[in-house]
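Worksheet: the structure to be examined is printed underneath.
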There are 2 protein chains.
Amino acid sequence: MTKTESTQHRILDAAEQLFAERGFAETSLRTITTRAKVNLASVNYHFGSKKSLIQAVFDRFLQDFTGELSVELLTLEQMKAEQIDAEKLLYALINPLLAMDKKRKNAISIFMRLLGRAYAETQGHLRRYVTEKYGHVLVRFTHLFQKGYPELTNDQIFWRLHYMLGSLIFTLAGSDALRQISEADFNRSLLVEDVIKEMIPFLAAGMKA
Amino acid sequence: MTKTESTQHRILDAAEQLFAERGFAETSLRTITTRAKVNLASVNYHFGSKKSLIQAVFDRFLQDFTGELSVELLTLEQMKAEQIDAEKLLYALINPLLAMDKKRKNAISIFMRLLGRAYAETQGHLRRYVTEKYGHVLVRFTHLFQKGYPELTNDQIFWRLHYMLGSLIFTLAGSDALRQISEADFNRSLLVEDVIKEMIPFLAAGMKA
DNA sequence: TCATTTTCCAAACAACTGTTTGAAACATAC
DNA sequence: GTATGTTTCAAACAGTTGTTTGGAAAATGA
């Protein structure tokens with residue numbers, strides 16, 4: 001148990017945490033390799049470059065997430081249009097997230113932060129990489145949304161999807177910090193799952209509006 | 001007309017645009033001073049440091065925004081509880097934004113990008129600076145929300161406010177890019193105002209849920 | 001006009017960045 | 001054992017970063 005992990009694994013673990021905390025440009029390879037307790041040169045040896053390391057971090061998360069999301073979408077795709085509603089669509093996104101969080105501590109927060117940073121990367125390398133490699137799953141989600149709510153125009157679907165993602169990413173990315181604020185102000189503790197469950201009615205109401 | 005602006009003004013203009021586009025760490029002082037057509041040393045001369053320059057950029061935006069927001073809140077604060085609803089609260093935020101956008105081109109997109117980046121700054125220097133200096137306006141907004149919807153718990157108010165901000169910031173920060181996607185996919189042009197008006201029913205429904 | 005303060009500017013500074021190198025250490029197979 | 005391929009490591013590389021410096025230029029006030 002807790003065997004010494006491989007160098008690549010250790011680098012990925014340290015990198016994803018530091019990238020989520022500080023951002024890509026603000027995290028130097030020396031910080032990563034120090035935390036991972038590996039030699040500086042091993043990043044370039046195993047991953048080629050810092051850019052490739054960033055992509056590798058995303059790949060590990062997104063393969064896991066999109067895999068589970070695809071299963072959720074498959075069951076929804078077999079339903080009739082009347083059976084599809086906003087809540088079911090939301091849970092198709094949230095269930096894979098919660099599953100990730102069970103396997104790895106703070107996975108949701110880290111993952112959402114990374115997504116937020118990828119989105120902020122307006123120069124777009126990373127955003128393009130992510131959408132080109134994993135965009136097809138989002139397209140399937142969009143089609144289910146249209147199927148469940150045929151009275152909405154394509155534009156409305158498109159934008160409401162982004163409003164929803166905005167709430168999700170923004171809130172869950174900051175859930176650590178926000179939870180602390182909430183605990184200080186209202187003197188009660190909150191779990192990520194509680195925060196998410198609080199979101200469902202808000203988002204569902206908006207999607208149906 | 002179009003007199004040569006002061007050095008500080010030119011630096012602020014170049015900086016806010018570049019910070020919004022690329023981020024703080026990704027934007028060097030040399031890039032800023034080149035675009036502003038001023039000497040490199042003038043940033044440290046006029047602002048002291050890069051960090052102070054970032055704060056100055058935020059100050060210029062936030063003084064403008066919170067000033068106008070405060071006026072909107074004042075009229076709401078004179079209303080009876082029954083008159084306050086989600087739509088009015090949303091317009092209290094949105095009207096100052098639209099006013100800014102009229103004065104300065106793409107101001108909404110730039111402003112929201114900056115806010116998103118400040119929020120992502122989890123180390124927190126900037127976030128703390130912003131909340132400490134301008135947080136009281138947000139507190140007034142929260143109180144109005146509570147007044148209008150007394151059936152909601154403090155927790156619900158707190159979180160729904162953040163869901164709303166997430167949608168707003170996320171969507172409007174990327175509105176340039178998203179508008180392009182939307183125009184390509186659905187072959188119709190959109191204005192920022194249209195995007196915002198699309199958001200109102202979504203957000204209002206969620207807040208009332 | 002002269003004296004004083006403010007602003008500008010080219011050059012240099014030390015610190016840090018991602019990446020490369022070549023040899024050492026290790027592992028694997030024969 | 002030797003030979004072969006893989007992985008680690010300290011050191012150095014060239015480039016970029018924010019900041020400082022000291023003198024020139026401009027502006028200000030008497």
Side-chain angles (χ1 to χ4, degrees), chain A residues 2-60 114 117-118 120-126 129, chain B residues 2-60 114 117-118 120-126 129:
Chain A
T2 65
K3 286 258 286 288
T4 41
E5 291 175 354
S6 73
T7 303
Q8 313 180 27
H9 201 108
R10 292 235 296 284
I11 293 175
L12 283 176
D13 285 345
E16 81 172 21
Q17 194 169 330
L18 287 164
F19 285 153
E21 276 176 22
R22 317 181 181 187
F24 306 116
E26 294 88 344
T27 306
S28 72
L29 293 185
R30 283 167 178 84
T31 313
I32 295 173
T33 52
T34 301
R35 159 125 17 146
K37 286 173 185 164
V38 300
N39 186 272
L40 167 63
S42 54
V43 170
N44 290 282
Y45 175 75
H46 284 289
F47 297 95
S49 66
K50 184 181 181 180
K51 201 180 210 169
S52 304
L53 170 63
I54 296 175
Q55 292 187 347
V57 168
F58 270 86
D59 277 331
R60 195 169 64 154
L114 289 175
R117 294 194 186 281
E121 262 251 337
T122 44
Q123 205 174 7
H125 298 143
L126 190 53
Y129 176 79
Chain B
T2 64
K3 287 258 287 288
T4 40
E5 292 176 354
S6 74
T7 303
Q8 314 179 23
H9 201 110
R10 292 235 297 282
I11 293 175
L12 283 175
D13 284 345
E16 79 172 23
Q17 195 170 331
L18 288 164
F19 285 153
E21 277 175 22
R22 318 182 182 186
F24 306 117
E26 296 87 345
T27 306
S28 73
L29 293 184
R30 282 168 178 82
T31 313
I32 294 173
T33 52
T34 302
R35 159 124 17 146
K37 286 172 186 165
V38 300
N39 186 271
L40 168 63
S42 54
V43 171
N44 291 282
Y45 175 76
H46 283 288
F47 297 94
S49 66
K50 184 180 180 180
K51 201 180 210 168
S52 304
L53 171 63
I54 297 175
Q55 292 187 348
V57 168
F58 271 85
D59 277 330
R60 194 169 64 156
L114 289 175
R117 295 194 185 279
E121 263 250 338
T122 44
Q123 207 174 7
H125 297 143
L126 190 53
Y129 176 79

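Per chain, numbering begins at 1; letters A, B, ... match sequence-line order.
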Using a heavy-atom cut-off of 4.0 Å to chain A, what are the terminal contacting nucleotides of DNA chain C, in 5' to 3' order? C/dT17 to C/dT21
B/F24 atom CZ is separated from D/dT17 atom P, nearest whole Å, by 17 Å
Distance below 4.0 Å between A/N39 side-chain N/O and D/dT7 OP1 or OP2: no
By side-chain contact (heavy atoms from CB on, under 4.5 Å), B/T34 pairs with (sequence neighbours left out) none
Once side chain to side chain donor-acceptor pair (under 3.5 Å) is applied, do any residues pair with A/Q8, and if so which ones, sequence neighbours excluded? A/H46
With a 4.0 Å cutoff (strictly under), does any side-chain N or O of A/S42 reach OP1 or OP2 of D/dT8? no
Side-chain polar contacts of residues 52-60 of chain A - donor-acceptor pairs under 3.5 angstrom, sequence neighbours left out - could you list them?
residue : atom : partner : partner atom : Å
A/S52   : OG   : A/S49   : OG           : 3.1
A/D59   : OD1  : A/Y129  : OH           : 3.1
A/D59   : OD1  : A/K133  : NZ           : 3.3
A/D59   : OD1  : A/Y134  : OH           : 2.7
A/D59   : OD2  : A/Y129  : OH           : 2.6
A/D59   : OD2  : A/K133  : NZ           : 3.4
A/R60   : NH1  : A/D13   : OD1          : 3.2
A/R60   : NH2  : A/D13   : OD1          : 2.9
A/R60   : NH2  : A/E16   : OE1          : 3.1

Going by side-chain contact (heavy atoms from CB on, under 4.5 Å), name the residues that satisfy it together with B/A25, two or more places apart in sequence or in a different chain. A/A25, A/E26
Readout for nucleotides 19-24 of chain D: B = base within 4.0 Å of protein heavy atom, S = sugar-phosphate only, - = neither; 5' to 3' it is BBB---
All stems with DNA chain D, defined as three or more consecutive Watson-Crick or G-U pairs under 3.5 Å: C:4-30 with D:1-27
A/T33 side chain to A/L29 main-chain N or O, any donor-acceptor pair under 3.5 Å? yes
Tabulate atom names and distances for all N/O pairs under 3.5 angstrom spanning the protein and nucleotides 25-28 of chain D.
none

Taking only residues two or more places apart in sequence or in another chain, which ones pass ring-ring contact (aromatic ring centres under 6.0 Å, His included) with B/F24? B/F19
Separation of D/dC9 atom C1' from A/H46 atom NE2, nearest Å, is 12 Å
Tell me, please, which residues at least two apart from B/R35 pass side-chain contact (heavy atoms from CB on, under 4.5 Å). B/A14, B/Q17, B/L18, B/E21, B/R22
Base, sugar-phosphate, or nothing for A/T33, non-hydrogen atoms under 4.0 angstrom? nothing
Hey, can you pull the donor-acceptor pairs under 3.5 Å for the side chains in residues 36-43 of chain B, sequence neighbours left out?
residue : atom : partner : partner atom : Å
B/N39   : OD1  : B/A41   : N            : 2.8
B/S42   : OG   : B/N39   : O            : 2.4

Heavy atoms under 4.0 Å, any strand shown: does A/T27 hit a base, just sugar-phosphate, or nothing? sugar-phosphate
